[in-house]
Amino acid sequence: MWRSGWRARGALRGLGGRSADLRAWRWESSAACERALRYQVGEKLHGFTVSQVTAVPELSLTAVRLSHDGTGAQYLHLAREDRNNTFSVQFRTTPADSSGAPHILEHTVLCGSQRYPCRDPFFKMLNRSLCTFMNAFTASDYTLYPFSTQNPKDFQNLLSVYLDAAFFPCLRELDFWQEGWRLEHEDPSDPQTPLVFKGVVFNEMKGVFADNERIFSQHLQNRLLPDHTYAVVSGGDPLCIPDLTWEQLRRFHATHYHPSNARFFTYGNFPLEQHLRQIHEEALSKFQKIEPRTAVPAQKPWDQPREFQISCAPDSLAAGSSGQTTVSVSFLLPHITDTFEAFTLSLLSSLLVSGPSAPFYQSLIESGLGTGFSPDAGYNGCTREAYFSVGLQGVAEEDVGAVRDLVDRTLDGVIEKGFEADRIEALLHKIEIQMKHQSVSFGLALTLHIASCWNHDGDPVELLKLGAQVAQFRKCLEDNPKFLQEKVQQYFKNNQHKLTLSMTPDDKYSEKQMQMEAEKLKQKVSSLSPEDKQRLHEKGLELQAQQSQPQDASCLPALKVSDIEPRIPATDLEVATAAGDVPVQCCAQPTNGLVYFRAFASLNTVPEELRPYVPLFCSVLTNPRLEEEERFRVLVKMTAQELANGVPDSGHLYASTRAGRTLASAGDLQEAFGGMDQVRLMKRIAETADLTPVLKKLPRIKKHLLNRDSLRCAVNATPQQMPQAQRAVDGFVRSLSRSQKERKPVRPQVVEDPTFKPCQMKTHFLLPFPVNYVAECVRTAPYTDPDHASLQVLARLMTAKFLHVEIREKGGAYGGGARLSHGGIFTLFSYRDPRSMETLQSFAEAVDWARSGRFTQQDIDEAKLSVFASVDAPVAPSDRGLDHFLYGLSDEMKQVHREQLFAVCREGLVDVSNRYLGTGRSTRGVALLGPENSRIAKDPSWIIR
């Protein structure tokens, strides 16, 4: 997975997380921390030497730094009383060109190794493990391989696979062909069909650069840091990827994937010494120390500002065709290894751009010159030197100069007036709350938080001492009230390393890209001799045969279904009432002093014509003065722009939502709220000259939603805090009005409307993308139906054993698979897919495969493991009980479902395949997002939008 321009926003983003591990709630010294504190500097442990032992009480952990005696590999262990343990190994990868060597290597090392030579052990381990996370990332200057799991045996299994993949990969030529790029006949079995470019990464990067925000962000980094590795595309430019050879890939691995260029990270409550022993014995003991020549030199500062203009494709989903220019002003900042300076500049960035009170929000967003901030606005700490960027998108081309001037004037104003003390204090308070909030993926958040700084030999432990950084910041501000203003003067006003980048749509952009790809293809093909072409044909057939062969994965380690806990842990819930009759679910949890409140408002009385506007109402709910049309217009434009920007990255989700629209009573609402209908509605509203009619709808929605009659609430807090929290909820509920008259529900107040009749629909959204997003949905059995468990296992089985091979390996899509919703919508999908109709054929073949029962008991057990990995994923104290609150799922219902999952058998899987997925058995919907398609255009059964 490519992640160029990863936002490393220090304390403000890196550690926020989304939730917390239910066992990681003890903030006093824990057993794991105490065990780690016993290590001594200089102590020898399994080929490693301890260099530092530091308690970090604000994060309830102990940090142990070590180095490997034989290779110099660096190691950081963060001991914390958290069952969800994490491992990662990262390599500094600094490409010299845009052929995508680090990205293609990241894919290819996971295709088999010396100890595990089967094809694609990485994806196979997803079904042989109870991991809570497994992936790999290529950033601009490093490649990271992380996983997390709560099971000690699983941790050792995954560690063994990851170590062998990283240090001893097979790097077979056919794997390079499959994952990177290849010349192959359109139909590999027919040498008369044209030769074309294929490959997973090739198609992935075509999809990436169908997103104008990605184009802008990539050029911003390339132009601002032009002297070394940041001047190229680490993920690969589709026009340069075909220049990479298999031999170059192997050389890149030899020079970059060496322990002397590696940084190991472990986190959690598993014993450190077990990790060290395994890493030393299975990998590091087989290497000698070298001097890696991968360091990134400092960017030479400019003596005067620079300007560049680039082009992109017009965005058919964005509001206003005349204003689609993007412009930003960016400044190079200091080395990210200066921890406190990076912390200060990250804070300063938030003060400048975050929220309606921020100077740049008021000067740029509220100017009406654009629709939202430019991509990557704010502090970016993912490169050796950080940078700050700010600007606007959705700008008229003639207003580029005005935006640039506004940036300069805003900085002058900040230097003169500074920031309000209340805003600074609110930001510091937010950091302190984030330190209290605990994440289920805390280990993963930490490894991502430190990755860039550690990659350039910064101190990762200093980066974690957020309490000390906050205290030092307060002291600097106390000693010098103009501390932040002087930073603005130093790093922005007086900084000559300043880039103004503008991007303007070109109606011919996509056509030019296709022409350049065609020219590249012609150049490659014309250089081939008849013998070369024959060899390509034979290689294509060999790859096709390899992809079709059944794989023996017996060499891979695996957990067993018997390793899974038979029962779920109980969650104690109580239901109280607020203001007399509003139900409040109370869940006492160790939330570390924080209170989590949620309110659920029923839509049943909201008139049909108002429902599409509910998401917009939610956006403005906390916005003061929403009745002011100009402020409302700003918010509408930003919302419309954000939705349009999100489609290229989430096309499979939009396709799935659309395909399921007509299959369940909630489907129409899901499409209206979160589908392409919502994207297009917001585009129309943003283009409307008079917003008064829309504004008038919002108070009407408010009357239906913000009243006691439609409300129920939930509170998660410590037992000691619960009485006070309940009083606060009671006060909030009493502040809401009651309905003046009894409103009849527009729809029956049931989960599924018994009068609803599903119908079939096929929709093609014509979008200027070079790849497709395909989805087919089938109405099956909901969670409470005994068949749901079999369908859930079937979805994983079809993904791992059929769809992955057909859609990704053979078809070249970046991803694809099957999944089942709580409501029983069974979805088959593909992501960044060069094919469309062929993929729909693969979906049909997947159903035939399932109905024929061409799978083994081992396949079924692996699918169960994958399902239980999701079912048993850690849940935060803040989120426990939410299944009951949102969906009405009690512990008893979940236990019944768990037992049904254990009981899934071959006969049941074939049975549900036939009864629900067979042609004509269930109603289905299809949706496609992508370019023009001649076959669809001729087929009257498709709706083209």
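Any value given below was found using the heavy atoms of this structure, including those in side chains, with hydrogens, waters and symmetry copies removed.
Each of Arg119, Gln544, Gln546, Gln547 was scored for a side chain to side chain donor-acceptor pair (under 3.5 Å) with Glu809, with one residue passing: Arg119.
A cation-pi arrangement is absent between Arg182 and Phe197 under the rule of less than 6.0 angstrom and at most 45 degrees off the ring axis. A cation-pi arrangement is found for Arg906 relative to Phe855, the charged atom lying closer than 6.0 Å to the ring centre and inside a 45° cone about the ring normal.
Within the 6.0 Å centre-distance limit, the rings of Phe147 and Tyr162 are counted as a close aromatic pair. Checked against a 6.0 Å centroid threshold, the rings of Tyr831 and Tyr773 count as neighbours.
The existence of a salt bridge linking Asp861 and Arg128 is excluded, since no basic side-chain nitrogen approaches an acidic carboxylate oxygen closer than 4.0 Å. Between Arg935 and Asp939 no salt bridge is recorded (no basic side-chain N to carboxylate O distance below 4.0 Å). With respect to the salt-bridge test (charged N to carboxylate O, under 4.0 angstrom), the residues Arg808 and Glu179 qualify. Taking the charged nitrogens against the carboxylate oxygens, Asp506 and Lys512 do have a contact shorter than 4.0 Å, which makes a salt bridge.
For Lys520, the side-chain hydrogen bond (donor to acceptor under 3.5 Å, both in side chains) partners at least two apart in sequence or on another chain are Asp243. Partners of Lys198 according to the side-chain hydrogen bond (donor to acceptor under 3.5 Å, both in side chains) rule, which considers only residues two or more places apart in sequence or in another chain, are Glu184.
A distance of 7.0 Å separates NE2 of His219 from CD1 of Ile215, quoted to the nearest 0.5 Å. Atom CD of Gln221 sits about 3.5 Å away from atom OG of Ser140, to the nearest 0.5 Å. The OG1 atom of Thr799 lies 9.5 Å from the CZ atom of Arg819; values are rounded to the nearest 0.5 Å. Considering OG of Ser790 and CG of Leu820, their distance stands at 10.5 Å, rounded to 0.5 Å. Separation of atoms CG (Asn772) and OG (Ser836) is listed at 4.5 Å; rounding is to 0.5 Å.
Counted by atom type alone, Ser160 and Glu282 present one or more donor-acceptor pairs between their side chains at under 3.5 Å. Side-chain contact annotation: Thr856 with Gln858, donor-acceptor N/O pair under 3.5 Å absent.
Aromatic ring orientation, His256 versus Phe252: parallel (interplanar angle below 30°, classes split at 30° and 60°).
Atom CD of Glu932 has 12 or fewer neighbouring heavy atoms from other residues, nucleotides or ligands inside a 6.0 Å radius.
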